[in-house]
A.B. asks: 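Please read through the structure below; I'll follow up with questions.
Naming convention: chains lettered A, B, ... in sequence-line order (proteins, then strands); numbering from 1 in each chain. The figures that follow rest on heavy atoms only: side chains count, while hydrogens, waters and symmetry mates do not.
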Amino acid sequence: MDRLKLSFFRSSRSKLSGDFIFEAVVGLFALGILILAFLLFRELFIESGLSRKTFGLSFLFTSTWDPVNEIFGALPFIFGTLVSSFLALLIAVPFSLGIAIYLSELAPEKLRTPLSFIIELLAAIPSVIIGLWGIFILAPFIRDYLAPPLSTYLGFLPLFQGPMYGLSMLTGGVILAIMVIPITSSVSREVIMTVPTHQREAALALGATGWETTRIAVLPYSRSGIFGAVILGFGRAIGETMAVTMVIGNSPRISESLFSPSYTMASVIANEFVEATSKLYVSSLIEIGFLLLVISVIINVAARILVWKLLKVEGGKVA
Amino acid sequence: MQNKITIKNLNAWFGAKQVLHDIDIGIEKNGITAIIGPSGCGKSTFIRCLNRMHEVVPYAKASGKVLVDDRDIYDSDIDPVEIRRRIGMVFQKPNPFPTMSIRDNVVAGLKLGGLKDKKILDTMTEESLKKAALWDEVKNDLNKSGVSLSGGQQQRLCIARALAVEPEVILFDEPCSALDPISTSKIEDLMLELKEKYTIVIVTHNMQQAARVSDHTAFFLYGKLIEFGETDQIFKKPKEKSTEDYIIGRFG
């Protein structure tokens, strides 16, 4: 038994055996990732020191981004990141749920595997390609066909006012939604497939139709897992850089209108890091990176915990 | 004796595999009919054909006639959803809806039917739980989750849920196989009370249970109906050799 126990620091009688070397090597690889993540975190924290010292907490609440006069505030970027991600979820969640329900409950058996595979493949499209498509196809389409009816019929809302040039918060949100759908729908599908048959049969035997079975048996049983899938999608949207940088307009301002351009945390780092000349400028960008890392870690950890909790559920008992 | 259900020439398949062969049987109204037989003999499939639950499994199909009050439930113009409301089912494993309270579990079927009146729903909750002999144990905890109950209580909750939609027939698919002896005897007593009003079909692995509760017994083997008759006769003077072998425990 003792030999089977995989423990890195165990006291083994044969310290130089092949097993020990194997354990040490793969153990180091695993440890390496942890060390790397820790160093990354530490580096961002240290390098953002100057910015944190200069601006303090007001960095989070200042909306000026003025490299010439060296006044930096992250608010427009935090706003841009959160709003574009929420917008993406708003669009992506209904689609993803529909896809997941169709694939797990309704699609003919023969279609399920190939369709799920294709949807997961969408997640593998490089984001710069999606970004190019966004610039040349999606942005003009939204400008010419989506924005006019929105401003005509919903123009009384501040959300849909002002001129629309194609590159906007709305376009960024739609691009992000397209990138979120594959992950949210495939995780939701997996979660829905964990719903035991006896739950579906309980509803069917009461005289529930297909939709009613989904509504009273399947969705309630899998709701926390689906929530986890949505948060995973949110995590993806928050960190996404390339595609959204290409279509969101890159203008650091806070506007109520989805038609005006915006800027995200990831985009500003990607765009301005090369030209950041002063120490404070660099440090401020790094602090934005630090904030982005903290937000995504929190969101991803929360989502993982939720999904695990659901997958551990056994015997019809939901914790 | 009057038959509630008459099964004629029933065949069932999973994909290419035939699991039921030409079953002909009559289910007596206000009686308890037990289906016994070794594992894999098709008894669960048989009972699931009676409320069209068999066909919800992918690649499963059935042919033949199942006449409920002289109406074939496999007629093309019959809606299986309607049939499942009239013919309730209790499963092997207690399966209350885990996210619903005890009350909501009981009235889940009624709500599907569009009933919203809270007074009626409350009355039906109480009535159904009383019929299922669970009321006294849960009347103060109606808002608790259905899965907070013990296994035997959960199974009676599922019976209450099936009773609430006021079916004519209740199918029990090995309802006690996951339960301890005390819960089992409670459910057997309950079935004996319920047969006053309902027609009951029970699949069971437990021969003593079939002998204790049923009026008629059918013995299935390899997807075929071997013998069907009064329970006393089946257990005391079986006509077929294989029935006798199974009952005295020579196989299965």
A.B. asks: Do B/Arg48 and A/Glu201 sit within salt-bridge range, that is, some charged N less than 4.0 Å from a carboxylate O?
C.D. replies: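 Salt bridge flag = yes for A/Glu201 with B/Arg48.
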A.B. asks: Under the salt bridge (charged side-chain N to carboxylate O under 4.0 Å, His left out) test against B/Glu168, which residue among B/Arg85, B/Arg86, B/Lys29 passes?
C.D. replies: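 Exactly one pass, corresponding to B/Arg86.
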A.B. asks: Would you say B/Ile182 has more than 12 foreign heavy atoms packed within less than 6.0 Å of its CD1?
C.D. replies: no
A.B. asks: Is B/Phe97 close to chain A through its backbone or its side chain, or both, or neither, when contacts mean heavy atoms under 4.5 Å?
C.D. replies: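 Looking at B/Phe97, backbone and side chain both touch chain A.
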A.B. asks: Would you say the rings of A/Phe160 and A/Tyr153 are close, in the sense that their centroids are separated by under 6.0 Å?
C.D. replies: no
A.B. asks: Under the rule for side-chain hydrogen bond (donor to acceptor under 3.5 Å, both in side chains), what residues qualify as partners of A/Thr241, not counting sequence neighbours?
C.D. replies: none
A.B. asks: Give the interface residues of residues 51-71 of chain B toward chain A, defined by a heavy-atom separation under 4.5 Å.
C.D. replies: B/Met53, B/Val56, B/Pro58, B/Tyr59
A.B. asks: Looking at A/Phe234 versus A/Phe86, is the centre-to-centre ring distance below 6.0 Å?
C.D. replies: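 Close enough - the centres of the two rings lie under 6.0 Å apart.
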A.B. asks: Quick one: which residues of residues 103-131 of chain B reach chain A at under 4.5 angstrom, heavy atoms only?
C.D. replies: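 If one takes a 4.5 Å heavy-atom cut-off, the residues of residues 103-131 of chain B near chain A are B/Ala108, B/Gly109, B/Leu112.
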A.B. asks: Please find the pair of heavy atoms, one from A/Thr184 and one from A/Ser96, that lie closest to each other, and give the distance.
C.D. replies: CB-OG, 3.6 Å
A.B. asks: Taking ring pair (Phe, Tyr, Trp, His ring centres under 6.0 Å) as the test, write out the residues that go with A/Phe227, two or more places apart.
C.D. replies: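 None.
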A.B. asks: Non-hydrogen atoms of chain B under 4.5 Å away: do they reach the side chain of A/Arg215, the backbone, both or neither?
C.D. replies: side chain
A.B. asks: Where does B/Arg161 contact chain A at under 4.5 Å (heavy atoms): side chain, backbone, both or neither?
C.D. replies: both
